[in-house]
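Within every chain, numbering begins at 1; the chains are lettered A, B, ... in the order of the sequence lines, protein sequences first and strands thereafter. Just so it is clear, the structure is predicted and the values come from calculations on it, not from any experiment. Computed over heavy atoms, backbone and side chain alike; hydrogens, waters and symmetry mates excluded.
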Amino acid sequence: MSDKTTMHQPLDEVPPPAVAPLDPRLLVREEGFKGYLTEFKRKMKGGELGSLPVIVALIIIWTIFQLKDSLFLSSANMVNICYFMAGTGMLAVGLVFVLLLGEIDLSVASVSGLAAAVFASLSVTHGVNAWVAVVLTVLTGIAIGAVHGFFFAKIGVPAFVVTLAGFLGWTGLMQWLLRGTGSLTIQDKGLLHVLGQRSFFMNQSIAGAYILATLGVAALLIGSLIDQTRRRAAGVPYRPTSEILVRTIALAVVAYVAAYVLNKSAGVPNALVIFLATLVICDFVLRRTTFGRKVFAVGGSIEAARRAGINVAMIRIVVFAISGGFAAIGGLFLAGQTYTATLQAGTGNLLMLAIAAAVIGGTSLFGGRGNVWSALLGMLVIQSIQTGLDLLNMDQSIQYMITGAVLLAAVVVDSVSRRTQRSSGRA
Amino acid sequence: MSDKTTMHQPLDEVPPPAVAPLDPRLLVREEGFKGYLTEFKRKMKGGELGSLPVIVALIIIWTIFQLKDSLFLSSANMVNICYFMAGTGMLAVGLVFVLLLGEIDLSVASVSGLAAAVFASLSVTHGVNAWVAVVLTVLTGIAIGAVHGFFFAKIGVPAFVVTLAGFLGWTGLMQWLLRGTGSLTIQDKGLLHVLGQRSFFMNQSIAGAYILATLGVAALLIGSLIDQTRRRAAGVPYRPTSEILVRTIALAVVAYVAAYVLNKSAGVPNALVIFLATLVICDFVLRRTTFGRKVFAVGGSIEAARRAGINVAMIRIVVFAISGGFAAIGGLFLAGQTYTATLQAGTGNLLMLAIAAAVIGGTSLFGGRGNVWSALLGMLVIQSIQTGLDLLNMDQSIQYMITGAVLLAAVVVDSVSRRTQRSSGRA
Amino acid sequence: MVHVSATPVLALRGVSKRFGAVQALTDVELEVHAGEVVALVGDNGAGKSTLVKTIAGVHPVDEGVIEWEGRSVHINRPQDAQGLGIATVYQDLALCDNLDVVGNLYLGRELLRYGSLDEVTMEKRSRELLNTLSIRIPSVRIPIASLSGGQRQVVAIARALIGEPKVVILDEPTAALGVEQTAQVLDLVERLRERRLGVILISHNMADVTAVADTVHVLRLGKNNGAFPVKGTTNEQIIAAITGATDNAVTRRLARNAEATQ
Amino acid sequence: MVHVSATPVLALRGVSKRFGAVQALTDVELEVHAGEVVALVGDNGAGKSTLVKTIAGVHPVDEGVIEWEGRSVHINRPQDAQGLGIATVYQDLALCDNLDVVGNLYLGRELLRYGSLDEVTMEKRSRELLNTLSIRIPSVRIPIASLSGGQRQVVAIARALIGEPKVVILDEPTAALGVEQTAQVLDLVERLRERRLGVILISHNMADVTAVADTVHVLRLGKNNGAFPVKGTTNEQIIAAITGATDNAVTRRLARNAEATQ
Amino acid sequence: ACGKAGDDKGSSSSSSDSKNKSIGLLLPENATTRYEKFDKPLIEAKIKELCADCNVQYDNAAGDPAKQAQQVSSMIAKGVKVLILDAQDSTGIKSSVQAAVDKGIKVVAYDRLAEGPISAYVSYDNEKIGELQGQALLDAMGPKATPSANVVMINGDPADPNAAMFKAGAHKVLDGKVKIAYEQSGLWKDTVAAQKMSAAITQLGKANIAGVYSANDGMAGGIATSLKGAGINPPLTGQDAELAGLQRILAGTQTSTIYKPYKPEADATAEIAVDLVNGKDFKSVADTTAKQNGGAEIPAKLLPAFSVTKANIASTVVKDGLYTKDQICTADFAAACTAAGIN
Ligand SMILES: Nc1ncnc2c1ncn2[C@@H]1O[C@H](COP(=O)(O)OP(=O)(O)OP(=O)(O)O)[C@@H](O)[C@H]1O
Ligand SMILES: Nc1ncnc2c1ncn2[C@@H]1O[C@H](COP(=O)(O)OP(=O)(O)OP(=O)(O)O)[C@@H](O)[C@H]1O
Ligand SMILES: O[C@@H]1[C@@H](O)[C@H](O)OC[C@H]1O
Ligand SMILES: [Mg+2]
Ligand SMILES: [Mg+2]
């Protein structure tokens, strides 16, 4: 099919292009370590640092908490951070898709609460098999999201209003489902066991964490090398081997240290494993499939996407369905934290924190810019603040103030770098 | 100065323009009633109906509630609707400014709660004069908003994150202020008396409502006529007298009927009078001052505004300060409803409802389109739903669902009309 | 002028379009044959881009019929036009600022390899394609937002050439182009004609129009205002049809300059 | 060529500008005198718009000095340039889509009456101003979003004439314009020269350039590549400086066409 | 590498360590005054008094049950030996309780009966509180409490399980004696309650309201304002003995509130916790039992709550030092204070 879709071969008959393939004004990186350094300096000045500012912010946050309470970097606390970020993180993943469109979904928290109630009433009240109930619950979330998407894409109601109406309506439905009982205890089995606080990868075997780390590192290395080979063969620019090695080593250090630390207490929570696997899949979908490309296109310019023949309405509906599905999955994760469907599920700051995670991680609210890893980075920041403050024994009112201040500070690092970027004309 | 700012007079020396002033393709409205009808039909087809769809939605909502409960349109209930919408409405007014920039302020509800606490601790705990305390409270709100604006405009942190951090931080500060006492009783005097449930315009005198109605109608008529005269003199298109009369009569009918209905119970709540006066002033600021023009310009295209020499950062800071100020004023209104500063002030759905009001009323979330009257229309819709459902004495879970559904339905009318508009190429 | 077939590949019959209070097009007729380059000219605001957009499915026609290879068709969405084989370069370019050059070129018809995007091949072909259009772009992996006006324009033109169109519509394709790039685009138009595609070319530049077009259609205030074979028509005749008068700013300017040099 | 004063009203000395990995301008020199029309030409992506934006304060220079009436000045924001008396028409127009024509024309320098906007006077003057530029716009009260490309361009040009500029910079002002409107703009440029303003005109159209410019500066790959007085320079010389070669797509095309007609 | 993660217990403060005297305290929210103002300092003080080398780790869930589950995990990570837990969601906290007990931590349920393997429970009987509120309303209505007398009920947030218990208790007393003509949830918010009250007045007519049940003082504040707005002053209940509530009682715009003496509750809990730390028996404190949903009987201490009216403010809250006279008797309430015998 690739042959059918191009028409430039006949154009190749024309005299050799008058232009050299490489623009002389493009600053090419020098070879070796010095080249990295100059490029890094240049990127820093230009504000093209990607996730680095958030990572720096995270390191600062960790350092400060560790200085305040030496338990912060303890294995048990790290396991807590990793475990508890997965539920809200799932909501954030769905939101990344919506944010990439330049839209918002205010219903995710309330859909997550509803999902817990649906799951509980199916499996507890109606005795449906636990796995079947999981599937039905996620389908409910997807259906709800598709309904939001329909009203937004086809009727033209702003997504903000549709999902605000959903936020109210699904809260009502959830309360109505639980009206007789108030809360329902979910059994610690099936998927819900896997999502629980006491479920660890490979049953807490030390090997588990290292296997995961090795898998990740190997995937990066092999993927990079294959890409390099293909690019070299095609004659287009490729990442030098030195850079591939630097990146692989960086990931390896992070992954093995994490594995070691988590292993010191209980290992890798299964909830985290599922969360990471989800991120890998979603990243693939967004960066390497036509669907993902279309999502970015619609987020960048609706009109350009439409004129390129993209079915904008369909993309919107699918994206909202994805968001609804992830909200339901997140709801199951959160229910797995307490084994209960309660009237309070999905209330509080859940919505705000999920959005904040995506945004802090670097996904733009204005569409077209971001990636799913921002859900991970953002949740790490947020969960670290929460867990850290919980350790510190502080008055709740002060906790609120500190959370606000740290949230702001975490993004200031990023924003200052982006500001440089804007003033150098890239906004 | 007007002479200094133009350079086209010398250009007038050139031969008479080759173009007739009127484009032959412009469809001019026919004279008389028939002209209105065709133009109305055309506008309806083209979706250029302004606030009409929301008004239609409101009428439908009122009709349904009245059919369900004949007390809905009673004078007492209308007084309730008018009174209770003012507090949230003030928050919505501030949000309209922010939305016009294409930004969001998530902190308004929490700032409103903080304002109540600040006012109470100033006037109750520290015995500050009630009016001085009001001024200090509003200044606090403005200062808070300016801080948000600073981080947004100068540091470049997305407004969403800044105000989310504010939302958390100011909640904490409010709780900290009330930490000793929990809740504080505010005295029923000074401005807080005026904002109370028992304070009516001109002390419930029947004349009061009619005076207000007359003032409004006269202002519209005189303003329109003066504008007509000036435009006619300048040789630019003007509104025909017939249209001015139709508009004036329409307003007169609404105003006098409203006055009559409200007079049947207690008259016009002072809170409403202040709310309406605020709307008139803000409308003037947005539509008739250079500041307002700049707000629209920044909301339309930041880069174009910047290149036109507008100090974008300053506009942003001022707009967020306005939002903070209105949040504080709204907080005083809400405190006036109960004469208490409580730890729960500003929590719950207050933020969502305030944003929803602005959006339902027709202000775009994407900047550059909208007006302050949307705060009034949106609040009328929301408050009508709430009061109507309260009258019907329905279970809270069902109330949530109905509120969601009606909210959606109210905007669907508008959206369908806008969709026509978009498909006729105006989006 | 090359020999053209009898049935036009694309024909508009009595097309009208209104925006709110503005009647942008009134009863417009247009025919394009395979292997023919039709120039569409007219004053600013004459309705040229509106006409292009109705053909491309950006907004449907209010009245009138669009015929494709003799059959009447309904074009309601851009997909419909693309399905027929109409490729369009819009005056406002319509590119996604956040995507890079490769992403924009292949948007909507990405190349796949084992089900995932084949970035390597797309990147390779993009470079080749842009080189044939004599444009220097620092890297095909930088977002469109950081390209110069002319660079974007070339990307938009290149975009229209991916796929197998039967009719190519170019709305002021050379407006932002340098002399060399303009020459390349004119060459390109001629190659399209040789490959027996129908081409609609909109331009304000009479030199370009007369250099490549077979027929010139003039639009004035949303209505047809004459069609001229390029051979045997002078620029002055066309300009008079465009401005609606033989006494216009152009002629006055020429007269003044002539006086001045005397 | 009109007589020009000794000190240039605006001069650039060794200006450089870099975007990320792209060195867009390197050591560029430029002088504009009062009453002089300087044409700035160059290939697509040569850096013309970048140069304009540094003068207009859209983005500050990395290195080099801008001199205004002999004094070195710092232009960091658009306000700074406007304060000096530099009016700019940008290639990407930079209008607010949501404001109407009047709103855009007077943006940033609205007329006031008793402290509130004097809409009536602004509307009246807008109509007059647009009429002198021969543009038909259905109504000055419709939002910019619904104007044609040429209509927007004229609005942007008109915008630069409100206020009392000393230097007017026009970045491809006639790219989207019809023949008549182009003629009007060229007339306008000549009137600006007569009123002793400095004008920088960017255009890819050699006919327009030679018609109104006094001096032509060529930019190539971000560097100066020669300055020519218009009198006594042929188009071929300029094009060779632009493309960096005497053998280019333009000459090849001309040669081919010459062959064909033989 | 087939070892189990966590096998090398290097952590200093394991909960099984006998020198470890760390007690965790988890409270549910901070939007009601009592928790941070009374419960926390009272419990901390009592623990310090009973056990000088004990240390207390505190956290507040700010009304978020998910957050509370995380806080339990943090407490486990910190290695506390005993956990005093006031559950934001008594069912939802079950698996967290289980996780703590798995690590050898003893859990004491405070105020709300958490599910799961807890060791002891100290509280008031929430349904009983509802009954007290209902009774106080009937008392205040006096002879007007007839089966045709319209009573308006504004309940708590249905999302709060306590709200259902207060509601059930109140219904138990009121049903049959008066007519519940209008019943709504005020979501624990004064502004919401004010609007609901205004709707009730419209619906029933202001002459036809014989009494109002408000589930707590916060909402009573809004309700009192609406009643005042309508120019009526029927009996009005409340709960929590909030400062503003007490002042309204003095001013006559509210008739009663519920005083739950926090000190005995806190003291009993602290004693049990310290006994658990020291491995001592606490049966002398927990003199009764309470039944969990699952049917388990938990050793419990259930304290009496009191109805407070104008007549006994002086002898209850003021005497117990809940608020000082200065806090209650500000200039506006000075006269009412004297009349009520507070001085
Ligand atoms: N914001 C930016 N970020 C990165 N590169 C940029 C940016 N702006 C311009 N460039 C690059 O700088 C070079 C010069 O661009 P510029 O817009 O000045 O060209 P130009 O001479 O105006 O071309 P044209 O005639 O096509 O308008 C181009 O290669 C462009 O890709
Ligand atoms: N979406 C729209 N809403 C309202 N009016 C519009 C809209 N689009 C175009 N018009 C009007 O229709 C007329 C024709 O516009 P069009 O863009 O087709 O002109 P054009 O011939 O392409 O002009 P140019 O040469 O300047 O590009 C103009 O008067 C314009 O104002
Ligand atoms: O004391 C009450 C508490 O038990 C309940 O849970 O929340 C509201 C309070 O008034
Ligand atoms: Mg056009
Ligand atoms: Mg340019």
Side-chain angles (χ1 to χ4, degrees), chain B residues 1-2 4-27 100 227 230-238 284-285 287-290 292-294 296-311 364 366-369 425-427, chain D residues 56-58 77-79 81-83 88 90 92-99 103-104 106-113 115-121 123-125 127-141 143 145-146 158-159 161-165 180 184 187-188 191 195:
Chain B
M1 76 154 282
S2 60
K4 242 192 109 234
T5 53
T6 52
M7 213 201 72
H8 62 285
Q9 273 119 347
L11 302 175
D12 283 350
E13 299 156 19
V14 299
V19 179
L22 205 64
D23 192 308
R25 286 164 304 171
L26 196 61
L27 309 170
L100 283 176
D227 190 57
R230 283 200 67 218
R231 293 188 150 263
R232 200 194 307 234
V236 295
Y238 54 88
F284 179 85
V285 168
R287 289 198 307 116
R288 309 292 263 154
T289 66
T290 48
R293 182 58 50 87
K294 288 173 185 169
F296 276 92
V298 173
S301 163
I302 294 161
E303 189 55 23
R306 192 169 85 89
R307 294 196 193 167
I310 292 173
N311 189 336
S364 163
F366 303 102
R369 262 165 250 268
R426 267 289 188 88
Chain D
V58 172
R77 306 173 309 163
Q79 287 97 305
Q82 283 161 21
T88 312
Y90 297 96
D92 56 3
L93 305 185
L95 300 169
C96 287
D97 267 3
N98 60 328
L99 296 185
N104 268 287
Y106 281 89
L107 187 59
R109 39 174 108 75
E110 293 83 3
L111 304 185
L112 296 179
R113 185 164 169 273
S116 79
L117 297 180
D118 185 358
E119 294 285 358
V120 177
T121 312
E123 179 164 338
K124 179 162 168 274
R125 297 221 181 132
R127 292 171 147 245
E128 293 164 359
L129 187 52
L130 291 173
N131 282 347
T132 64
L133 291 168
S134 279
I135 195 78
R136 276 182 199 273
I137 287 179
S139 153
V140 289
R141 286 300 180 191
S146 52
R159 211 187 118 61
L161 304 179
I162 293 177
E164 292 264 88
E180 171 144 27
Q184 296 281 9
D187 280 1
L188 174 75
R191 269 178 281 139
R195 300 185 57 230

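Side-chain atoms of B:Arg287 and D:Leu117, non-hydrogen and from C-beta on, never get closer than 4.5 Å to each other.
A pairwise comparison of heavy atoms in B:Arg307 and D:Gln82 identifies O-NE2, 2.7 Å as the closest pair. When all heavy atoms are compared, the tightest approach of D:Ala94 to B:Ala304 is O-CB, 3.3 Å. The two atoms that bring D:Asn98 and B:Phe296 nearest to each other are ND2-O, 3.1 Å, heavy atoms only.
Contact of B:Tyr238 with chain D is not made at all, since no heavy-atom distance falls under 4.5 Å. Only the side chain of D:Asp92 comes within contact range of chain B, with at least one heavy atom under 4.5 Å from a heavy atom of that chain.
Among B:Pro237, B:Ala305, B:Gly299, B:Gly292, the residue with the largest count of heavy-atom pairs under 4.5 Å with chain D is B:Pro237. When each of D:Pro78, D:Gly57, D:Ala81 is scored by its heavy-atom pairs under 4.5 Å with chain B, the top score falls to D:Pro78. Counting heavy-atom pairs closer than 4.5 Å to chain B, the top-ranked of the candidates D:Gly115, D:Ser116, D:Gly108, D:Gly83 is D:Ser116. Across D:Val140, D:Leu130, D:Val120, the residue that shares the most heavy-atom pairs under 4.5 angstrom with chain B is D:Val120.
Residues satisfying the side-chain contact (heavy atoms from CB on, under 4.5 Å) criterion with B:Ala308, sequence neighbours excluded, are D:Leu107, D:Arg159. In this structure, the salt bridge (Lys or Arg N to Asp or Glu O under 4.0 Å) partners of D:Arg141, at least two apart in sequence or on a different chain, are D:Asp100, D:Glu119, D:Glu123.
Taken from CZ in B:Arg306 to CD in D:Gln79, the straight-line distance is 8.5 Å, to the nearest 0.5 Å. For the atom pair D:Asp97 CG and B:Ser301 OG, the distance stands at 7.5 Å (nearest 0.5 Å). Taken to the nearest 0.5 Å, the CG atom of D:Asp118 stands 8.5 Å off from the CZ atom of B:Arg288.
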Test log, rule side-chain contact (heavy atoms from CB on, under 4.5 Å), inputs D:Glu110 and B:Thr289: CA-CA 9 Å; D:Glu110 293 83 3; B:Thr289 66; over 6 Å; no
